[in-house]
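Reading through the structure tokens given below for one structure.
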Amino acid sequence: MARILVTGMSGAGKSTVLDELRRRGRLTVDTDLDGWVLPDGAWDEPRMDALLAAHDDLIVSGTVHNQGRFYGRFHHVVLLSAPLPVLLERVTHRANPYGRTPEQRAEIAGYVRTVEPLLRRGATVELDGRRPVPELAGAVERLLRS
């Protein structure tokens, strides 16, 4: 088994893929929920250290500025990507309110230009977030077995 990080821009499909993997019985942690991210936008490092030490079979999702410190503890870093118009359309219709204001949409566009290239360099696998969710979840499950 393996530890996998699924990362990407807002609207790429991280939470949706994690929900499908959880439905399939996989152990998942969405770090956008339950206080994993501190007010400064970083992961709670002691908590993340404890999580990774406790599980060899785990799928984590999130995109934070200190995630690179943990890359060596993941067997795979999966970047979910999609074109900017797709991301902006998705954030308009999801439950999470981030991405609906013009300022937030401009911020997402800026992150696609500046942050996504950094994520791409750190990724071991890139998946097209426009693929059907069951296919994306299947691709991540295959990485668990590799």
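As the structure is a computational prediction, the values presented were derived from the model and not from experiment. Sequence positions, counted from 1, serve as the residue numbers for this chain.
When atom types are taken as modelled, the side chain of Arg3 and the backbone of Arg73 share a donor-acceptor pair closer than 3.5 angstrom. Checking side-chain atoms of Thr63 against main-chain N and O of Gly8 turns up a donor-acceptor pair under 3.5 Å. In this structure, Thr31 contributes its side chain and Trp36 its backbone to no donor-acceptor pair below 3.5 Å. A donor-acceptor contact shorter than 3.5 Å is absent between the side chain of Arg26 and the backbone of Leu58.
Under a hydrophobic-cluster definition in which Ile, Leu, Val, Met, Phe, Trp and Tyr are linked whenever side-chain heavy atoms come within less than 4.5 Å, directly or via other members, Val77 and Val112 are assigned to the same cluster. Val60 is connected to Leu27 through a chain of hydrophobic side-chain contacts under 4.5 Å among Ile, Leu, Val, Met, Phe, Trp and Tyr, so both are in one cluster. Taking hydrophobic clusters as Ile, Leu, Val, Met, Phe, Trp and Tyr residues chained together by side-chain heavy-atom distances below 4.5 Å, Phe70 does not share a cluster with Ile4. Under the 4.5 Å side-chain contact rule for hydrophobic residues, Val6 and Val37 do not share a cluster.
Using a 4.5 Å heavy-atom threshold, the side chains of Gln104 and Ser10 count as separate. Side-chain contact between Asp19 and Arg22 is present, with at least one heavy-atom pair separated by less than 4.5 Å. Between Val29 and His55 there is no side-chain heavy-atom pair separated by less than 4.5 Å. A 4.5 Å side-chain heavy-atom check between His76 and Tyr71 finds every atom pair outside the cut-off. Put simply, the side chain of Ile59 reaches to within 4.5 Å of the side chain of Val140, judged on heavy atoms. Leu84 has its side chain within reach of Leu88: a pair of non-hydrogen atoms, C-beta onward, lies under 4.5 Å apart.
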Please test Met48 against Leu51 for side-chain contact (heavy atoms from CB on, under 4.5 Å), starting from the C-alpha separation and ending with a verdict.
CA-CA 5 Å; Met48 185 61 69; Leu51 175 71; 4.0 Å; yes
Step by step, would you call Ser81 with Glu116 a side-chain contact (heavy atoms from CB on, under 4.5 Å)?
CA-CA 8 Å; Ser81 62; Glu116 190 173 59; 3.6 Å; yes
Taking it one step at a time, do Thr92 and Arg105 satisfy side-chain contact (heavy atoms from CB on, under 4.5 Å)?
CA-CA 9 Å; Thr92 300; Arg105 295 168 75 75; 2.9 Å; yes
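Checked for salt-bridge contact, Asp128 and Arg131 miss the test: no charged N lies under 4.0 Å from a carboxylate O. Taking a cutoff of 4.0 Å between a charged side-chain nitrogen and a carboxylate oxygen, Lys14 and Asp30 do not qualify as a salt bridge.
Counting only N and O atoms by type, the side chains of Thr7 and Gln67 include a donor and acceptor under 3.5 Å apart. His75 and Ser146 share no donor-acceptor pair across their side chains, judged by distance under 3.5 Å alone. If you check the side chains of Arg90 and Thr16, you find no donor sitting under 3.5 Å from an acceptor.
Distance CG/Leu38 to CZ/Arg47: 9.5 Å, rounded to 0.5 Å. Taking CD from Glu103 and CD1 from Ile108, the interatomic distance works out to 12.0 Å, rounded to the nearest 0.5 Å. In this structure, the separation between CH2 on Trp43 and CG on Asp49 is 11.0 Å, given to the nearest 0.5 Å.
Across every non-hydrogen atom of Leu79 and Ala123, the tightest pair is CB-CB, 3.8 Å. Looking at every heavy atom in both residues, Phe74 comes nearest to Leu5 through CD2-N, 3.4 Å. Smallest separation of non-hydrogen atoms from Leu127 and Ala139: CD1-CB, 4.0 Å. The two residues Glu135 and Arg142 come nearest to each other via the heavy atoms O-NH2, 4.4 Å. Closest heavy-atom contact between Leu18 and Ser61: CD2-OG, 3.3 Å. Annotation for Leu80 and Ala12: closest pair O-CB, 3.4 Å, computed over non-hydrogen atoms.
Applying the 6.0 Å contact sphere to CG of Asp56 captures no more than 12 heavy atoms from other residues, nucleotides or ligands.
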